Amino acid sequence: MRDKLTPKNIIFCLCICFLPLLMYGIDGIERFLSIDFGWPGGDYVIRIVVRACLYMLLAVGLNIVCGFTGLLDLGYVAFYLIGGYTAGLLMQRLGVPYWFALPLAVLHGTVWGLLRGIPTLRLTGDYFAIVTFGFAELFFRVVRNEQWLIGAPNGQLRGIPSPSLFGITFNQNWHNYYHILILLIFVVFITYRLQNSRVGRAWVAIREDENAAESMGINVGRYKSLAFAVSAAIGALGGCFIAQFQVNISAPFFEFWESILILCMVVLGGMGSIRGAMIGAAILGSLGEILREVLTVLTRFTEYPELVGARYLIFGIVLILLMRFRPGGLIFKKT
Amino acid sequence: MMAQILEQLINGLVLGGIYALIAVGYTMVYGIIQLINFAHGEIYMFGAYIALMFIVMGVPFWIAVPLSMLLCAILGMLIDFVAYRPLRNAPRLSALITAIGISLALQNLARMIWSARPRQFPSESLPSFFLSEVTQTGEVINAILLPGGGILPFRDVFILLLAVVLMVVLNMLIYLTKIGKAMRACAQNAVAANLMGIKTNHVIAVTFAIGSALGAVAGIMVGLSEVVTPTMGYYKGVAAFAAAVLGGIGSISGAIFGGIVIGIAEVFGADIHSGYRIAFAYIIMILVILIRPSGLFGKSTSTRA
């Protein structure tokens, strides 16, 4: 796909680049006019946007295994966890600067992606899914139980320092926005290049028919391993970001349902499409926040505190309905 | 020491019986439609909650259990009818994602209806022989005194016996009745069975009903000895799936054997490190899948698509 510099595209890019300015601008207008028109505040909105971008990054990463090679990965959150805790521990315990912790954490995630990938190469479908699930769950248990490593029960890691460069500490919300934006653009660029290369075509060939791909001379094991490694690296990158963004992380951040949420995003957008994964993540990532707000308000009216759980109920129903009526994804229909 | 091991072994057996009941549900469905029914764990959780609800409403225990089994059987068939039947010919990945969607929806539905707070069966509404205790004079009530000082509550004996009885009944159903024959035929080759005049969809619905009813019993049994929470299905469900994989998925005797092995492994694993209690089941499962995907009793196939 080759995008041209049409006026629409230029305006879109400018909006993305100056989004924080727009958001804080509304704050300013509100203060200037001293009218409260219900704007939740620039910082809050930026945080939601940052979260949505993070989910876009993760969805693009998961899409490599789920969408390109067609293997259902239920344990993607494991790499997110590995990235988060590696970066968090390196920075908080050893005082390693973020810019060194980041590549180390990504490397660590990649190593585990390969370690998980090699024995599961010959598995397909359900068995691959269940092994990935078990793998992620084991990591979750380790983080929750190994106090000597994390320093507190339940995987609580507090006070992860913000990255700094030339004496500037990047701890503002708009810093984080540009931070994740750069990471996201980098990852999307790489995945597009991979998709449109020999590697991407090999992945799709494996998805469509593994035996046929192998007989055409594609080294299935090598290309699958590469997919696992790239996907794991992107997951770990997301983990690095969340560690410094949240400052305090704990085990519940990396529960099984987080994997499912990311999977929902990929499925919603249509598996195998980078743009689809990103749009799916943008919708569900922000929908989650909006639903949380709406449901909290509803809770106040109905005095029914369990309504907040309806968020995941809705995600579940979305998955069922999508598979029933639009298995190719809501946004992009696979041919 | 020996007495402790004996007691833990019996605890493992009891837990294994429960796992076997759940694992049978996974293995039967997988045997016929080659789908990991992720929602099975949630059905088992619903079984516990429905029975709990009836008991709180004042329904006697012995009526609440069959009622819960019946409702769960209906729930199982409903899930099959609404979600899985339209996807019979769709790619396997679609059905698997649907199963996850149902699991997610049901778990959070339960959280909304019954709240996330762990609950227990009210002990005064249960049959009196479930309440075992050791009096101050050292007298053991409603329990068997094991050699070495451990006690085995009647409740655990009941769970184990019930599991055995249900398994025997299930085996009779599968090997002696007409519907059992139809189920075995579908498991061997669903298309050929259909050509021979077996209504495949009916057979699948019955399979879901039986599996769900057994799952409901397991849920109630867990509720008796532990607590009832919306997430119980997720943890125990995967451990039970591990049992089904260990025994060889599709094989019922394998599921029973696998359930007992996983149950014992979990109880002894909890002695080593309680935080990794459930992790032992996962480790066994992963190793079995990697080393011998067909399980201990399953027919060996080159690949499982």
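The sequence lines fix the lettering, A, B, ..., with proteins before strands; numbering per chain opens at 1. Treat the numbers as computed from the prediction; the structure is a model and nothing was measured.
Of all the listed residues (A:L74, A:I320, A:L322), the one sharing the greatest number of non-hydrogen pairs under 4.5 Å with chain B is A:I320. For the set A:L321, A:V142, A:I317, A:I260, the count of heavy-atom pairs under 4.5 angstrom toward chain B peaks at A:V142. Across A:L71, A:T120, A:I130, the residue that shares the most heavy-atom pairs under 4.5 angstrom with chain B is A:I130. Interface summary for chain A: among B:L290, B:I102, B:L106, B:L96, the most heavy-atom pairs under 4.5 angstrom belong to B:L290. Of the residues considered (A:L72, A:L138, A:N145), A:N145 shows the highest number of contacts with chain B, using heavy-atom pairs under 4.5 Å.
Residue A:V318 does not touch chain B at all, counting heavy-atom pairs closer than 4.5 Å. Contacts between A:V131 and chain B at a heavy-atom distance below 4.5 Å involve backbone atoms as well as side-chain atoms.
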Exercise. Go through B:R111 and A:L313 one step at a time and tell me if the side-chain contact (heavy atoms from CB on, under 4.5 Å) criterion holds.
Key: CA-CA 10 Å; B:R111 186 166 292 165; A:L313 178 67; over 6 Å; no
Self-check item: Residue pair A:M271, B:I97: steps toward the side-chain contact (heavy atoms from CB on, under 4.5 Å) verdict
Solution: CA-CA 12 Å; A:M271 284 199 283; B:I97 293 171; 3.9 Å; yes
Exercise. Could you check A:W257 against B:Q107 for side-chain contact (heavy atoms from CB on, under 4.5 Å), going step by step and ending with a plain yes or no?
Key: CA-CA 11 Å; A:W257 297 112; B:Q107 188 182 328; 2.9 Å; yes
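Between A:F133 and B:Y282, the two ring planes are perpendicular [angle over 60°; tilted spans 30° to 60°].
Looking at every heavy atom in both residues, B:M285 comes nearest to A:G134 through CE-CA, 4.5 Å. Of all heavy-atom pairs between B:A279 and A:R141, the closest is CB-CG, 4.2 Å.
Going from atom CD1 of B:I100 over to atom CZ of A:F256 covers 6.0 Å, rounded to the nearest 0.5 Å. Atom CZ of A:F135 is separated from atom CD1 of B:I286 by 8.0 Å, given to the nearest 0.5 angstrom.
When the shell of 6.0 Å around CZ of A:R222 is examined, it contains 12 or fewer heavy atoms from other residues, nucleotides or ligands.
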